[in-house]
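Numbers restart at 1 for each chain; the letters A, B, ... are given by sequence-line order, proteins then strands.
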Amino acid sequence: MYGLCDCNNFYASCERVFNPSLVGRPVVVLSNNDGCVIARSNEAKQLGIRMGDPYFKVRDLLRSNRVAVFSSNFILYGDMSRRVMSLLRRLVPATEVYSIDESFLDLRGIDPATLDALGHEIARTVKRHTGIPVSIGIAPTKTLAKIASKLCKQYPRLDGCCYMHRPQDIEKVLRRFPIGDVWGVGRRWAAMLEGMGVRTAWDFTQLPPERVRKRMSVVGLRMWKELRGEPCIGFEQHPVDRKRIATTRTFEHDTDDFEQIRRCVAQYAAACAEKLRAQHSVCGEMTVFLLTNRHKEGMPQHCESHLLKLSVPTDSTLCLTEHAVRTLRMIFRKGRAYKRAGVILSDLSSKTGTQLDLYDPVDRARHDQLMQAIDRVNATMGRHKVVTAAAGTEFFRMHREHLSKRFTTDWDQIIRVKT
DNA sequence: TCTGGGGTCCTAGGACCC
DNA sequence: TCTGGGGTCCTAGGACCC
């Protein structure tokens, strides 16, 4: 049996933990720059606010319904996630962290008769220790466990855990489960399947497998088998290294100011390099891109980008910043209203065993020492304490009008209790 | 005025190899 | 009239996830 533990309305729930007056009130969390809605409490969902709605379009609706609005506080959400995940790790034999708010649970070797009680116990414990409400689904495959956890959200009387294992129960659920809500079915496939007369997950399991394979490749076939109770997606015991690392941002205003964009790109390169070192990898390729505002109708759209292949793979902020700025110089065109820029690192490999260049002008060993020192300073004394001159100390401020505090990671912002 | 950010996997087709 | 067989690697594009 596979378990899935999914935190309910995770970002909104994190905000509520430190502000209990929000319980029962609608809450939404906004993306970077307070751009659009990326998380909603149940009450906010009921008001008809959709995922991805631009903030400026729903502002009046939010105000008239006294919705609590927050800028995204990823430091807080990341720390709360870490707490939930480490708790889960203590309660089951193994876990696979799937996203910031979801973890698969390895339940092999546990007496099936006790799984329902275990699921409820986990949900209660996570709520008690972290304040975060979760939905736990337990079923014979990962795809079915996902469905089971969605049922928990739909039916509060399940009380946080749905153990779905008898074939007749599974059939009953699948017959009412919309195909578009199945894990792995996006908008395109949902439309295609509905065109084929497939409305529910059950309809899908009744299609001939050859047809599924032909229209949806092995990915669809795997899903078909998983829904029929045959596990095809295994349990990842150990977290795998990323194959791409990106840092990209939308600017608050359109700009063609080269110096400003250069500072941003240098900051993105440094952020990528930090993530790269954190997983002990080096990168062999770097892409820098610039985009104009895709929402401006009638304006010419431009996408400048260039992929640079590095002669020696590196994880040095200095090397990557230099490459990024040089690449930016190549693609930048004065007079274009740029709205977004980014740095993407690819061709990642393990740092041990890097092929060096005999004529390499860079002293790798010294760079390594310097990077270690910088990472240590920034880790212990606060982010951005040491930066490159290219990135500058003037941090391009994100528009975050409704930011909550770093209650759990900053002594100066720890919650105060009035007596 | 104002519209996020970061990932993965699979397939088909072309270039190339022996 | 008739033109082999078997493979790899790379890339772009399309699908998906949170």
Please tell me whether [X] and [Y] have a donor and an acceptor in their side chains that are separated by less than 3.5 angstrom.
{"X": "A/Thr247", "Y": "A/Lys275", "result": "yes"}
{"X": "A/Asp34", "Y": "A/Ser71", "result": "yes"}
{"X": "A/Thr248", "Y": "A/Arg340", "result": "yes"}
{"X": "A/Ser13", "Y": "A/Asn8", "result": "no"}

Does [X] reach a base, just sugar-phosphate, or nothing at all? Heavy atoms under 4.0 Å.
{"X": "A/Ile245", "value": "sugar-phosphate"}
{"X": "A/Asp34", "value": "nothing"}
{"X": "A/Ser72", "value": "nothing"}
{"X": "A/Arg213", "value": "sugar-phosphate"}
{"X": "A/Arg222", "value": "sugar-phosphate"}
{"X": "A/Lys309", "value": "sugar-phosphate"}

Rounding to an integer number of angstrom, what distance separates B/dC17 and C/dG4 when you compare their C1' atoms?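 Roughly 15 Å separates the two C1' atoms.
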If you assign A/Lys57 and A/Ser217 each to the DNA chain B nucleotide with the nearest heavy atom, which residue ends up on the more 5' nucleotide?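 The 5'-side residue here is A/Lys57.
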Which class fits the ring pair A/Tyr338 and A/Phe332: parallel under 30°, tilted 30 to 60°, perpendicular over 60°?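 Correct class here is tilted.
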5' to 3' contact window, DNA chain C with chain A (heavy-atom distance under 4.0 Å):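 Under 4.0 Å from chain A, the extent on DNA chain C is C/dT11 to C/dC18.
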Any-strand Watson-Crick or G-U partner of B/dC18, both distances under 3.5 Å: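 Its partner is C/dG5 (Watson-Crick or G-U wobble, both distances under 3.5 Å).
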Electrostatic pair A/Lys351:A/Asp368 at N-O distance under 4.0 angstrom: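 Salt bridge: yes.
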